Amino acid sequence: MLTVAVLISGTGSNLRALLDAAADADFPARVVVVGADREADGFAHAEDYGVPTFMVPWGQFDSREEWGAELDAQLAVWRPDLVVLSGLMRLLPAGVVDEWSPRIINTHPAYLPEFPGAHGVRDAIAAGVAQTGASVIIVDNGVDSGPIVAQERVPVLRGDDEHSLHDRIKPVERRLLIDVVRRIATGDLDLAAVAAATGAPS
Ligand code: GAR
């Protein structure tokens, strides 16, 4: 059984989908802990399933490195097989990425390498593109620049705003995330092999 730690900042709808999937006895992974950089609404989903939570408040640390060290210490308690960044809106310091890579993945609401960063949906709308997408990547030390493990296109419809487009991207993200976690758990997807093939550290 693959053990998963999920890190969030917000509503945690992708977390919810993963928790729902993992509630199926046949699903080969379990969420063992949920962490956040703030008092995130998504903690409620963890509580619904009796999954422990931890918070490492961004504002209480003097530097990204100190914050990351505490985050890393919290993760180490649970020794997860996989760390999923699911809406964590903070860049991890290199020390944390290097510690967990390649067993650390991120969901992103755009078809990377298009529209990386904190405003992937807004940037796609502003660019006036006809299609954007959703991606799951291995986290590296850049901004949404790691090896892509899954992605799918989502059309931008006439009249879409950031919210309507994000609402259509999120179900695709959820499906990709659940599928990626399942494939990692079954051995169908080897993150170390993906990282090695793209020259990323493993
Ligand atoms: C998701 O769309 C996720 O991809 C995005 O935040 C949303 C979180 O939604 N993350 C990023 O944009 C990271 N660059 P959720 O809290 O409802 O799961």
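No hydrogens, no waters, no symmetry mates; every other heavy atom, side chains included, goes into these values. Note that the structure is predicted; figures quoted are calculated from it, not measured. Order of listing sets the numbers, starting from 1, for every ligand and every atom in it. Quick note: residue numbers are just sequence positions, from 1.
Per-residue contacts place His166 under 4.0 angstrom from the following atoms of ligand 1 (heavy atoms of the residue considered): 1 (C), 2 (O), 7 (C).
In terms of protein heavy-atom proximity, atom 9 (O) of ligand 1 is closest to Lys170 NZ, 3.1 Å.
With a 4.0 Å heavy-atom cut-off, ligand 1 is reached by the backbone of His108 and by its side chain too.
The closest approach between a heavy atom of Arg16 and any atom of ligand 1 is not below 4.0 Å. At least one heavy atom of Gly117 sits under 4.0 Å from some atom of ligand 1. Using a non-hydrogen distance threshold of 4.0 Å, His119 does not register as a contact of ligand 1. At least one heavy atom of Thr107 sits less than 4.0 Å from an atom of ligand 1. In this structure, Gly120 has no heavy atom closer than 4.0 Å to ligand 1.
Taking 4.0 Å as the cut-off between side-chain N and carboxylate O, Glu173 and Arg168 do not count as a salt-bridged pair. One finds a salt bridge joining Asp20 and Arg16 here, because a Lys/Arg side-chain nitrogen approaches an Asp/Glu carboxylate oxygen to under 4.0 Å.
Looking at every heavy atom in both residues, Met89 comes nearest to Ser9 through N-OG, 2.8 Å.
Geometrically, Arg182 does not engage Phe27 in a cation-pi contact defined by less than 6.0 Å to the ring centre and at most 45° from the axis.
Distances from atom 16 (O) of ligand 1 to the heavy atoms of Gly10, Gly12, Ala17, Ala134 show the closest one on Gly12.
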